[in-house]
Amino acid sequence: MKTLRQVKIGDTVKVKKLHGEGAVKRRIMDMGITKGVEVHVRKVAPLGDPMEVTVRGYELSLRKADTDMIEVE
């Protein structure tokens with residue numbers, strides 16, 4: 001299983017599955033990250049938190065804990 005956290009800067013991946021439960025999963029989905037959507041990794045902060053991605057044409061910053069819940073292919 002590969003998560004969004006393991007993706008290298010400049011790569012584009014497709015979301016395979018969202019892990020997590022309740023409010024956390026709902027928040028990720030509300031940001032536009034759903035199954036089948038493409039995510040482009042733009043930048044990662046020096047200590048790895050947060051990660052800046054492009055989803056559905058807009059930029060988004062995600063915490064390490066959130067990127068671990070997003071399974072990609």
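Here the CG atom belonging to L62 is positioned 8.5 Å from the CZ atom belonging to R27, to the nearest 0.5 angstrom. To the nearest 0.5 Å, the span separating NZ on K14 from CD on E71 amounts to 14.0 Å. Note that the NZ atom of K17 and the CD atom of E73 stand 12.5 Å from one another [nearest 0.5 Å]. Here the NZ-CG distance, from K16 to L18, works out to 13.0 Å after rounding to the nearest 0.5 Å.
The shortest side-chain heavy-atom distance between T3 and T67 does not fall under the 4.5 Å cut-off. Annotation: side chain of I28 is in contact with side chain of M69 (closest heavy-atom distance under 4.5 Å). Contact of the T54 side chain with the V39 side chain is not registered, since no non-hydrogen atoms from C-beta on lie closer than 4.5 Å. At a threshold of 4.5 Å between non-hydrogen side-chain atoms, the residues V15 and L4 do not count as touching. In this structure, the side chains of T34 and R56 come closer than 4.5 Å at one or more pairs of heavy atoms. For the pair K2/V7, a side-chain contact is recorded, criterion being any heavy-atom separation below 4.5 Å from C-beta on.
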Walk me through whether V13 and V41 qualify under side-chain contact (heavy atoms from CB on, under 4.5 Å).
CA-CA 8 Å; V13 293; V41 178; 5.6 Å; no
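A salt bridge is defined here as a Lys NZ or Arg NE, NH1 or NH2 lying under 4.0 Å from an Asp or Glu carboxylate O, and R63 with D66 meets this definition. We find that R42 and E59 are joined by a salt bridge, their nearest charged nitrogen and carboxylate oxygen being less than 4.0 Å apart. A salt bridge links D68 and R5; the closest N-O separation between the charged side-chain nitrogens and carboxylate oxygens is under 4.0 Å.
Defined by atom type and a distance below 3.5 Å, a donor-acceptor pair is present between the side-chain atoms of H40 and T12.
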